[in-house]
Amino acid sequence: MATQLLHEGGELWSADPHRIQEAIDKVEQAWALTRDPEIAIRLATMYDRANRNDDALVVLRQAFRKDPGHALLRHHAAITLLRHGAPGEIRDFFESVLEVDAQDAFARFVMTLLDRYDSWAAQLASSIERKRDGRQPFVISLPVWGETHSAYCERFFCASLLSPNNLPALARNHSVHIAVFTTAESEQALRAKPLFRRLEDHATVDFIHYPADLVDYRAVMQACYGHEKVHYSQNSLAFYYERNCKFALMSCAHYVALTAGRATDAFVSCLVADLALNDGALLAMATRMSAADAVLAHAIQMRGKILRPLLEHQFRDADGILRLSSESCARLVIEHIPADNFADAGRSIDPPLRIAWRVGDDGLLIHGNHYHPFLLRPKAFDHPLRLSVDPVDSRFIDRTSLDEARIDIVQDASIVCLGIDDDPILDALQEGEGAPSVPRFALWLWGYWGRLRGRLFRSPLRYGSLERHEEWARVEQAAASLVDAIVDEAARLEEANQARKSWRL
């Protein structure tokens, strides 16, 4: 009977993803009959797609207590906890894993981060306090390691940071700290780079050292899990742990900086090494914070192989600094945004992060929910800031306690952060062809639904000339019609979800 129910649930979900709640009902019955850990994994995965993360934690906890030695179950429990669990639950789980298997590589990895988290936050907070001089502290959190990203860090991130209206202008009114999370070896390599050294002309550079074996996570995870097969993939379990080690190191740097920023009432900007900022972006962020606790700007993935040569040849000065005006950044996006982002492309990127429309030859309208909090006032939070594998992004903002009126959404080119890495997400395309599908986009949006999702997705981003008023009005009206339909469908799905969580008949 359990096998039949599991099969029926899988068939329902596969035939029509919108019937996932019906499929879950079937798989829940199968789980109740057998308590099979493989069914728990299937059920937790379905809960994740249906925005029922608390239910996933319940099932995974029950399955882990019954079968703590099941390798794939432990992986799903670990990652779900690191995304959605309470801090105490996370520590309890990983301590329990080490009681069962003292050599479990991911548990040892996470426990190292947990054990050092508070000391790293205290180290950064102490540096901020020592430099306090009456100016508002402004912290830039920067995780970076490895030869490729260290090179990106200097050639693009540091070079754009040093443009006149970024770090030099910001430092006139703010005590700037750049918190670099890396290894001791990588610190020496970064300090040898001329552009990186120039950061200290305007900011205090604080190095927080990750142990070398944490950053060498790929070899460690392969040694421990390379032989573990995953039934739903051609990759071994090591592949999935490697990906989450990277997320954990990136997120740890940002959450530590936010923790230190809360203690010192600093502004905190959570950035990464493979970004280039327009000249004036930092100053614009800081200015907007006079009436906000968070500044959100849309992050658009660009093809690094196209963008990096353009930045080198068109915007690099003789002194090595990148001078990217906001107009230049907008033009780069207008001309080189990947074509599959457009509503008329005939296919879309998976996941469908945004939909774009051209307005004449020199305008671009974008609707997306990929708004990142590029500057935060963590003192305004009244919730924990602890280790997670979830980045500081739009879902993070959804989960914060911030007053919605204190969230500033950037809808023009005054703050542009260009991704200059070769992002693999740009090569993941949706199956099928045709215009953006309201049901498909809404189903994906619903999986991340929160109090701000509708507002973020409805907030248009405008690049380029706004002079063609009639054309802008026509395109915006057509775009709003599609976006409203997607948001309304996602809200409807979540309304049905809430009914399942309620005691009201």
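For this chain, numbers begin at 1 and follow the sequence in order. This structure is a prediction, so every number in the text was calculated from the model and none was measured.
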Evaluation steps, side-chain contact (heavy atoms from CB on, under 4.5 Å), between Asp293 and Ile407: CA-CA 6 Å; Asp293 294 322; Ile407 296 173; over 6 Å; no
Verdict with supporting geometry, Leu277 and Leu275, side-chain contact (heavy atoms from CB on, under 4.5 Å): CA-CA 7 Å; Leu277 281 66; Leu275 287 179; 4.2 Å; yes
Test log, rule salt bridge (Lys or Arg N to Asp or Glu O under 4.0 Å), inputs Glu489 and Arg492: CA-CA 5 Å; Glu489 173 65 9; Arg492 186 190 66 77; 2.8 Å; yes
Salt bridge (Lys or Arg N to Asp or Glu O under 4.0 Å) between Arg191 and Glu187, intermediate numbers included: CA-CA 6 Å; Arg191 287 191 181 279; Glu187 176 186 349; 2.8 Å; yes
Salt bridge (Lys or Arg N to Asp or Glu O under 4.0 Å) assessment of Asp133 paired with Arg135: CA-CA 6 Å; Asp133 57 7; Arg135 294 177 298 164; 2.8 Å; yes
Residue pair Tyr152, Phe157: steps toward the ring-ring contact (aromatic ring centres under 6.0 Å, His included) verdict: CA-CA 7 Å; Tyr152 288 165; Phe157 181 78; over 10 Å; no
side-chain contact (heavy atoms from CB on, under 4.5 Å) between Tyr117 and Thr259, worked out: CA-CA 10 Å; Tyr117 186 99; Thr259 301; 2.9 Å; yes
Side chain to side chain donor-acceptor pair (under 3.5 Å) between His383 and Arg399, worked out: CA-CA 9 Å; His383 52 79; Arg399 292 171 166 175; over 6 Å; no
side-chain contact (heavy atoms from CB on, under 4.5 Å) between Asp54 and His84, intermediate numbers included: CA-CA 8 Å; Asp54 290 342; His84 307 292; 5.6 Å; no
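For Asp382 and Ser401, the side-chain atoms include at least one donor-acceptor pair closer than 3.5 Å. Using modelled atom types, one finds a donor on one side chain and an acceptor on the other under 3.5 Å when comparing Glu28 with Tyr47. Donor-acceptor pairing under 3.5 Å is recorded for the side chains of Ser126 and Arg130. Ser127 and Asp206 are linked by a side-chain donor-acceptor pair at a separation below 3.5 angstrom, with hydrogens and angles left out of the test. Side-chain N/O atoms of Arg377 and Gln136 include no donor and acceptor closer than 3.5 Å. A donor-acceptor contact under 3.5 angstrom links the side chains of Asn497 and Gln21, judged on distance only. Inspection of the Glu38 and His70 side chains reveals an N or O donor paired with an N or O acceptor under 3.5 Å.
Within a 6.0 Å sphere centred on CZ of Arg91, other residues, nucleotides and ligands contribute more than 12 heavy atoms. Under a cut-off of 6.0 angstrom, the local environment of CZ in Arg74 is crowded, with over 12 non-hydrogen atoms contributed by other residues, nucleotides or ligands. Sparse packing is recorded around NZ of Lys131, with 12 or fewer heavy atoms of other residues, nucleotides or ligands lying under 6.0 Å away. Heavy atoms of other residues, nucleotides or ligands lying less than 6.0 angstrom from CD of Gln188 number more than 12. For Glu404, the CD atom is densely surrounded, since the number of other residues' heavy atoms within 6.0 Å is greater than 12. For Gln234, the CD atom counts as loosely surrounded, since its 6.0 Å shell holds 12 or fewer non-hydrogen atoms of other residues, nucleotides or ligands.
Exactly one residue among Arg451, Arg455, Arg453 makes a salt bridge (Lys or Arg N to Asp or Glu O under 4.0 Å) with Asp398. That residue is Arg453.
Within the 4.5 Å cutoff, the side chain of Asn53 has no heavy atoms near those of the Thr80 side chain. Using a 4.5 Å cut-off on side-chain heavy atoms (C-beta onward), Tyr217 and Leu249 make contact. For the pair Leu443/Leu493, a side-chain contact is recorded, criterion being any heavy-atom separation below 4.5 Å from C-beta on.
Between His177 and Phe138, the distance separating the two ring centers is not shorter than 6.0 angstrom. Aromatic ring centres of Trp446 and Phe441: separated by at least 6.0 Å. Aromatic rings from Tyr240 and Phe106 are positioned such that their centres are separated by 6.0 Å or more.
In this structure, the separation between CG on Leu114 and CG on Leu387 is 5.0 Å, given to the nearest 0.5 Å.
Looking at Arg288 and Asp408, a side-chain N of the basic residue comes within less than 4.0 Å of a carboxylate O on the acidic one, giving a salt bridge. A salt bridge does not link Asp67 with Arg61: every distance from a Lys NZ or Arg NE/NH1/NH2 to an Asp or Glu carboxylate oxygen is 4.0 Å or more.
Below 30°, between 30° and 60°, or above 60°: for Trp444 and Tyr448 the angle between ring planes is between 30° and 60°, a tilted geometry.
With hydrogens and angles ignored, the 3.5 Å screen pairs a side-chain donor or acceptor of His18 with a backbone N or O of Pro439. Between the side chain of Ser150 and the backbone N or O of Trp145, no donor-acceptor pair lies under 3.5 Å.
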